[in-house]
Amino acid sequence: MKRTAYCATFTENDIGRRVTVMGWVQKYRNLGGVLFVDLRDRSGILQLTFHSERNTELFEKASQIRNEYVIAATGVIAARGPKDINKNMVTGKIEVLCDELRILSKSETPPIYVDDRANTNEAARLKYRYLDLRRPEMQQALYMRHRIVQSAREFLNQNDFLEIETPILTKSTPEGARDYLVPSRVNPGTYYALPQSPQIYKQLLMVSGFDRYYQIARCFRDEDLRADRQPEFTQIDIEMSFVNTEDIMEVNERLIAKIFKDILNIEIPRPLPRMTYQEAMERFGSDKPNIGFGMELVNVSDIAAACDFKVFRSAVENGGSVRLINAKGCADKYSRKEIDALGEFVKTFNAKGLAWLAVGEDQHKSSFAKFLKPEETDAFIRKAQGEPGDLLFFIADSDNTVFDALGNLRLEVARKIGILEDIKDRFNLLWVTEFPLLEYDEEEKRYVAKHHPFTSPMDEDLHLLDTDPLKVRAKAYDLVLNGTELGGGSIRIHRTEMQNKMFELLGFSQEEAENRFGFLLEAFKYGTPPHGGIAFGLDRLVMLLTGRKSIRDVIAFPKVQNASCLMSGAPSKVDQKQLDELKIRNVE
RNA sequence: GGCCCGGUAGUUCAGUCGGUUAGAAUGCUAGCCUGUCACGCUAGAGGUCGAGGGUUCGAGUCCCUUCCGGGUCGCCA
């Protein structure tokens with residue numbers, strides 16, 4: 001018995017043909033004298049029929065069939081009667097009149113439904129992931145993932161990029177995320193780290209002269225999980241030599257455009273819009289703004305500075321700002337209780353409070369009206385272009401807090417009033433450029449790299465490196481899709497002196513820099529081309545292109561929030577013998 | 001590490017003010033049924049109410065602790 005073809009590939013053109021199909025029993029319907037089986041494989045579903053009057057013995061055998069049995073059936077493709085056509089099925093006009101049946105393997109009653117309509121709890125789905133993956137929805141997601149990777153590979157291959165693998169067992173570089181460590185048996189007491197990204201290796205490949213590199217690279221970061229963050233994830237990792245920012249953006253716009261064309265048949269307008277980091281923060285309160293809708297931030301610090309409301313005035317006096325967003329027509333959509341809830345919401349972003357003002361025809365309601373002169377209130381409304389029915393939300397704080405809180409509030413309000421749902425099928429791509437090179441880490445009391453320590457500062461800002469490092473902008477860029485960071489990259493430092501300068505700014509002693517990145521600095525001594533690159537989060541890209549809410553839905557075997565795998569039980573304890581070999585002892 | 005939501009039959013859920021033997025749908029098992037397509041009809045089996053402790057005459061329900069899952073802040077160069 002040899003399979004003729006996948007179930008859902010047969011059509012009316014095959015009527016009369018004798019075929020063999022194999023797959024899983026999606027559903028059986030035994031009507032007494034006639035039995036229908038919906039047979040499923042990765043292509044879809046095909047109906048098989050067995051008649052007791054045609055072949056009693058075969059019918060008896062078919063009656064043994066239960067859901068999720070794996071069977072092989074042979075028969076003749078037949079047209080269904082006019083009344084029996086199922087318009088909801090791709091193969092709804094045909095069926096297989098079976099004359100042979102083999103039960104290849106039985107199935108116990110499945111613990112979860114293999115059905116897209118089931119709405120099963122995710123924990124149960126993950127425990128029985130191999131069953132969950134039988135669902136068409138999941139098959140589709142992984143098929144799309146495959147096609148997206150193929151599309152990217154095709155583009156990169158055609159554009160002279162070489163796919164090169166880099167080590168998984170690498171050297172720990174404590175900057176950045178927490179490393180996953182792997183003990184060395186041969187060198188007791190020492191550890192490999194799993195790569196957070198192939199960053200240093202791809203730069204070394206540029207030193208080696210490969211000029212254009214890519215890799216569908218697995219990356220590992222031991223940090224807490226989110227809906228869009230897994231401890232191991234995949235990047236489309238790219239690096240190029242003898243290029244500037246423009247060159248890299250240009251190639252990658254073409255890459256992304258090809259993927260959108262291939263996968264969704266959508267033409268991406270090129271060149272993609274660009275926005276500086278500064279502008280993104282000022283207008284949207286985010287370095288990954290969702291530009292699909294307005295409700296932009298409005299700076300009202302000038303009015304606030306002159307008013308009698310102390311919360312507003314002192315924020316400006318302390319070097320911060322007062323900004324607002326205008327929730328158009330929301331004055332009657334939010335109850336006091338809901339506004340209070342938004343107040344709690346912004347507190348999670350360290351805002352001290354949320355001031356609000358509901359614009360009326362001639363009388364306004366607000367949380368702070370009594371502190372303001374009417375003309376000051378009017379000035380706020382005018383600057384916010386407020387009209388009766390609008391609801392203004394104010395945050396007064398340091399710029400960073402105001403941006404963070406208002407940027408997130410903007411998204412929260414948009415979610416609540418349905419804007420995000422309305423625009424989810426549109427794809428708004430943009431580049432965010434000119435990121436700050438450094439930020440100040442309050443905990444560590446030192447500067448840390450915003451992107452990574454190999455990012456080149458902008459030439460225009462080099463003079464600020466010693467005087468005002470926080471003002472230095474980097475040759476760094478992120479690609480943002482609908483408010484999600486799809487990828488980011490930079491032009492790298494390719495001169496030893498500049499790299500040393502950078503390490504110095506980050507507070508590394510010569511010795512530390514040598515210890516951590518010495519091999520890179522050494523490599524840079526022997527002729528390094530100017531180079532730069534980018535990495536895209538493949539999981540996020542697939543998630544957005546397939547409209548899923550979590551990257552878990554586009555990863556075959558994902559981990560849950562505590563970084564464990566519900567199916568395999570990893571991580572797990574190991575034999576004492578294994579630990580002994582590694583010279584490792586658990587402590588309480 | 002903090003905060004929020006959830007955990008009752010294989011699955012999805014209901015369970016009122018703390019009160020009789022914890023229900024429904026679906027799935028499962030059996031019987032009937034010759035054109036169904038989430039077939040239909042009849043009957044049946046199926047429960048550590050996540051776990052432990054407490055309050056009470058009595059706890060799925062109230063309290064405490066804990067485990068598990070999700071979201072989120074911190075974290076994620």
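This is a predicted model, so every value here is computed, not measured. In what follows, every chain begins at residue 1, and chains take the letters A, B, ... in the order their sequences are listed.
Between the base of B/C37 and the side chain of A/Arg80 there is a donor-acceptor pair shorter than 3.5 Å. Side-chain atoms of A/Arg29 stay outside donor-acceptor range of the base of B/C33, with no qualifying N/O pair under 3.5 Å. Donor-acceptor pairing under 3.5 Å, judged by distance alone, is absent between the side chain of A/Tyr113 and the base of B/U12. One donor-acceptor pair, N or O on each side, does fall under 3.5 Å between the base of B/C76 and the side chain of A/Arg229. Contact annotation: side chain of A/Glu223 to base of B/G74, donor-acceptor pair absent below 3.5 Å. A donor N or O paired with an acceptor N or O is not found under 3.5 Å between the base of B/U29 and the side-chain atoms of A/Arg66.
B/G50 and B/G60 have their C1' atoms separated by 12 Å, with the value rounded to a whole Å. Nucleotides B/A9 and B/U66 are separated by 25 Å at their C1' atoms, to the nearest Å. One C1' atom belongs to B/U29, the other to B/U21, and the distance between them is 24 Å to the nearest Å. Atom P of B/C28 sits at a distance of 29 Å from the matching atom of B/G69, rounded to the whole Å. B/C67 and B/G74: their P atoms are spaced 24 Å apart (whole Å). A distance of about 25 Å separates the P atoms of B/C32 and B/A38, rounded to the whole Å. Taking atom C1' in both B/U56 and B/C64, the straight-line distance is 16 Å, to the nearest Å. The P atoms of B/U20 and B/G31 are separated by 38 Å, rounded to the nearest whole Å.
Across every strand in view, B/G35 sits unpaired, with no contact that passes the Watson-Crick or G-U test at under 3.5 angstrom. Of all nucleotides present, only B/C5 satisfies the Watson-Crick or G-U wobble test against B/G69, with each distance under 3.5 Å. Here B/C57 sits opposite B/G19 as a Watson-Crick or G-U wobble pair (both hydrogen-bonding atom distances under 3.5 Å). Base pairing of B/U26: its partner is B/G10, meeting the Watson-Crick or G-U wobble criterion (both donor-acceptor distances under 3.5 Å). When Watson-Crick and G-U wobble pairs are counted only if both distances are under 3.5 Å, B/G47 pairs with no nucleotide at all.
Note on A/Glu95: a base of the nucleic acid sits closer than 4.0 angstrom, heavy atoms only. The residue A/Pro111 sits close only to the backbone: its heavy atoms come under 4.0 Å of sugar-phosphate atoms, none of a base. Among the heavy atoms of the strands lying under 4.0 Å from A/Phe349 are primed sugar atoms or P, OP1, OP2 only; no base atom is included. Using a 4.0 Å heavy-atom criterion, one finds that A/Gln196 contacts no nucleic acid atom at all. Across all strands, A/Ser197 comes closer than 4.0 Å to base atoms (heavy-atom distances). Contact annotation for A/Glu344: no contact, since no heavy-atom pair falls under 4.0 Å across all strands.
Rounded to an integer number of Å, the gap from A/Leu126 CG to B/U11 P is 14 Å. Distance, A/Asp224 CG to B/C76 C1': 9 Å, rounded to whole Å. For A/Ile45 and B/U36, the CD1 to C1' distance is 14 Å, given to the nearest whole Å. The distance from atom CG of A/Asn88 to atom P of B/C39 is 13 Å, rounded to the nearest whole Å. One interatomic measurement links the two molecules: CG of A/Leu225 to C1' of B/G69, which rounds to 13 Å at whole-angstrom precision. Between the P atom of B/G31 and the CG atom of A/Leu31 lies a distance of 16 Å, rounded to the nearest Å. Remark: P of B/G6 and CG of A/Asn121 are 14 Å apart, rounded to the nearest angstrom. Atom CD in A/Glu108 sits roughly 12 Å away from atom P in B/U29 (whole-Å rounding).
A cation-pi arrangement is not found for A/Arg218 relative to A/Phe233, the charged atom failing to lie both closer than 6.0 Å to the ring centre and inside a 45° cone about the ring normal. The cationic group of A/Lys416 lies under 6.0 Å from the six-membered ring centre of A/Tyr334 and within 45° of the ring axis, placing it in a cation-pi geometry.
Taking A/Thr109 as the reference, nothing meets the side-chain contact (heavy atoms from CB on, under 4.5 Å) condition, with sequence neighbours excluded.
For A/Glu57, the CD atom counts as loosely surrounded, since its 6.0 Å shell holds 12 or fewer non-hydrogen atoms of other residues, nucleotides or ligands.
OP1 or OP2 of B/C39 sits under 4.0 Å from a side-chain N or O of A/Lys27. Contact annotation: A/Arg40 side-chain N/O to B/C37 OP1/OP2 distance is not under 4.0 Å. Between A/Arg226 and B/C73, a side-chain N or O to OP1/OP2 separation shorter than 4.0 Å is present.
Close placement of the A/Phe435 and A/Tyr277 rings is indicated, their centers lying within 6.0 Å of each other. A/Tyr6 has its ring centre no less than 6.0 Å from the ring centre of A/Phe10. Checked against the 6.0 Å centroid threshold, A/Tyr28 and A/Phe36 do not count as a close aromatic pair.
To the nearest 0.5 Å, atom CG of residue A/Leu464 and atom CG of residue A/Leu437 are 11.0 Å apart.
Judged by distance alone, with hydrogens and angles left aside, the side-chain atoms of A/Ser197 form a donor-acceptor pair with the main-chain N or O of A/Gln199 at under 3.5 Å.
In this structure, the side chains of A/Tyr180 and A/Gln196 stay at 4.5 Å or more apart for every pair of heavy atoms. Between A/Ile491 and A/Ile248, the closest side-chain pair of non-hydrogen atoms falls below 4.5 Å.
Closest to the side chain of A/Ala227, from the set B/G10, B/G71, B/U11, is B/G71. For A/Thr109, the listed nucleotide lying nearest its side chain is B/C28; candidates were B/C28, B/G74, B/C76. Distance from the side chain of A/Asn30 is smallest to B/C33 among B/C33, B/G35, B/C76.
Across residues 547-566 of chain A, A/Arg552, A/Val560, A/Gln561, A/Asn562, A/Ser564, A/Leu566 each have a non-hydrogen atom less than 4.0 Å from an atom of RNA chain B (numbered order).
Projected onto RNA chain B by closest heavy-atom contact, A/Lys450 and A/Asn67 fall at different nucleotides, the more 5' of which corresponds to A/Asn67.
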